[in-house]
Amino acid sequence: MPLVTTKEMFKKAYEGGYAIGAFNVNNMEIVQGITRACKKLNAPVILQCSSGARKYASHDYLVAMVKAAAEETGIDIALHLDHGPDFETCKSCIDGGFTSVMIDGSSLPYEENVALTKKVVDYAHAHGVVVEGELGTLAGVEDDVSVEAENASYTKPEQVEDFVNRTGVDSLAIAIGTSHGAYKFKPGQKPQLRFDILEEVEKRLPGFPIVLHGASSVNQEHIKLINEFGGEMPDAIGIPEDMLRKASSMAVCKINVDSDIRIAMTAAIRKHFSENPTHFDPRQYLTPARDLIEEVVSHKITNVMGCDGKNG
Ligand code: G3H
Ligand code: 13P
Ligand code: ZN
């Protein structure tokens, strides 16, 4: 089964009121945990690699593992570059077997973001690869981020038509209050997303796929396990699942998850070592880690993205 682009996936997801899960992969156990869940639930999936993942595992290993997963499971898998920092990185992924790239020009001045994104789109489209752009920067998690600074980072709906028309991007990541990592809200703070911005974007770009980054929900049981077995993670608050489900039923067609997988893997390994302090065979502690990733992804596909049974 060759890797696919996200074109068809997003079209069907938009029309069907669900989203596709986009999970970050860094090693074999993560690829297998995710794709086993997708196979079981007959769900299409996006496996995405950051620049950090390419540095850690190397481009060729990542491509080979993802291709092996597509071959073994027979489900639709898109291989996506997450947060491409520059044209060269995007080109290297386009030339090297990825079917989708993100060019993240969100921290650049608007006109520079447009120019860089268009340059990537022109190259990608000439090679049959799709492109995700970003407008607005995700809210920070640092304590000293002021409300004004946070407000300034939300996507401005009045820019989206111009950006999409001038760049030719295939999907657009927007900032509506999600953020990367495990600490998305301050302790005691009520999680909120700016659905008014999403609605306005949807009105201005009917039928166009929107992407949500920073969409981990942070499973409290997993944080508890980490801390019960020697970890010291402070209180972590993620995006409530019902909000993500609502976003999936709207224009959001791609939901990015990385932290939830990291947390699950760490929880399983800490628990395993605490119960089996003499073990030293990596297969012994990576097996429960892979199993818990499969459980987390299965839950998300069914309860958050709603893409179970949507493969093919
Ligand atoms: O959005 C960022 C992803 O979670 C990837 O993180 O750059 O540490 O691989 P990373
Ligand atoms: P989380 O840190 O919420 O998992 O977000 C991951 C992400 O957006 C990858 O691009
Ligand atoms: Zn991201």
Side-chain angles (χ1 to χ4, degrees), residues 6 19-27 29-31 33-34 45-59 61-62 65-66 78-86 89-90 93 98 100-107 131-142 153-155 169 171-185 191-193 209-220 222-223 233-234 236-241 243-244 247-248 252-267 292-293 296-297 299-301 304-305:
T6 53
I20 310 292
F23 302 98
N24 287 72
V25 297
N26 291 281
N27 67 16
E29 285 74 15
I30 298 176
V31 171
I34 296 164
V45 70
I46 299 164
L47 298 181
Q48 53 188 17
C49 306
S50 66
S51 295
R54 289 177 84 230
K55 200 167 155 198
Y56 173 76
S58 96
H59 178 95
Y61 274 84
L62 290 166
M65 285 191 293
V66 171
L79 174 56
H80 174 76
L81 168 66
D82 190 28
H83 293 283
D86 48 41
T89 308
C90 293
C93 288
F98 282 45
S100 174
V101 294
M102 175 191 190
I103 175 68
D104 185 353
S106 60
S107 60
V131 180
E132 173 185 325
E134 179 164 351
L135 262 186
T137 45
L138 294 203
V141 290
E142 295 86 2
S153 70
Y154 290 125
T155 301
V169 278
S171 62
L172 181 68
I174 62 169
I176 59 167
T178 61
S179 60
H180 292 112
Y183 308 103
K184 300 183 191 299
F185 300 97
Q192 269 178 336
L193 294 186
I210 298 302
V211 178
L212 267 197
H213 282 248
S216 278
S217 293
V218 183
N219 183 314
Q220 295 304 309
H222 296 170
I223 300 287
M233 278 188 76
I237 308 172
I239 312 295
E241 291 184 349
M243 290 188 191
L244 296 168
S248 309
V252 170
C253 293
K254 174 173 179 268
I255 291 194
N256 282 14
V257 172
D258 185 359
S259 298
D260 280 341
I261 288 176
R262 297 177 178 194
I263 290 168
M265 198 164 186
T266 303
L292 194 57
I293 292 169
V296 165
V297 172
H299 175 84
K300 283 186 184 293
I301 284 172
V304 175
M305 289 94 185

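First listed ligand is number 1; within each ligand, the first listed atom is number 1. Counting from 1, the numbers follow the sequence of the chain as shown.
Rounding to the nearest 0.5 angstrom, the gap separating the CD1 atom in Ile34 from the CD1 atom in Ile301 is 9.0 Å.
In this structure, Met102 and Val211 have side chains that are not in contact, with every pair of non-hydrogen atoms separated by 4.5 Å or more. Using a 4.5 Å cut-off on side-chain heavy atoms (C-beta onward), Lys184 and Thr178 make no contact. At least one side-chain heavy atom of Met233 sits under 4.5 Å from a side-chain heavy atom of Tyr183. Under the 4.5 Å side-chain criterion, counting only non-hydrogen atoms from C-beta, Thr6 is not in contact with Glu132. Between Phe185 and Ile239 there is a side-chain heavy-atom pair separated by less than 4.5 Å. Looking at Thr155 and Ile176, their side chains never come closer than 4.5 Å, going by heavy atoms from C-beta outward. For the pair Cys49/Val25, a side-chain contact is recorded, criterion being any heavy-atom separation below 4.5 Å from C-beta on. By the 4.5 Å heavy-atom criterion applied to side chains, Val296 and His222 are counted as neighbours.
Of all atoms in ligand 1, numbered sequentially from 1 with element shown, those under 4.0 Å from a heavy atom of Asp258 are 3 (C), 4 (O), 5 (C), 6 (O). For ligand 1 and His83, the ligand atoms under 4.0 Å from any heavy atom of the residue are 1 (O), 2 (C). In the vicinity of Asn24, heavy-atom distances shorter than 4.0 Å reach the ligand 1 atoms 3 (C), 5 (C). Listed by atom number, the atoms of ligand 1 under 4.0 Å from Asp82 heavy atoms are 1 (O), 2 (C), 3 (C).
Shown are the protein N/O/S atoms under 2.8 Å from the Zn ion (ligand 3), given by residue and atom: His83 NE2, His180 NE2, His213 ND1.
Relative ring orientation between His83 and His180 is described as perpendicular, the plane-to-plane angle rising above 60° on a 0-90° scale split at 30° and 60°.
A distance-only check finds a donor-acceptor pair linking the side chain of Asp260 to the backbone of Val218 [under 3.5 Å]. Thr137 contributes no side-chain N or O that, together with a main-chain N or O of Ser106, makes up a donor-acceptor pair within less than 3.5 Å.
With atom 7 (O) of ligand 1 as the reference point, the heavy atom nearest to it among Ser50, Cys49, Ser179 is part of Ser50.
Within 4.0 Å of ligand 2, protein heavy atoms belong to Asn24, Gln48, Asp82, His83, Ser179, His180, Gly181, Lys184, His213, Gly214, Ala215, Ser216, Asn256, Val257, Asp258, Ser259, listed by chain and number.
Ligand 1 has Arg262 within reach: a non-hydrogen atom of the residue lies less than 4.0 Å from it.
For the side chain to side chain contact (heavy atoms under 4.5 Å, CB included) test with Gln48, the passing option among Asp258, Leu81, Asn256 is Asn256; the others fail.
For ligand 1, the polar-atom distance check finds an N/O of His180 within less than 3.5 Å of one of the ligand's N/O atoms.
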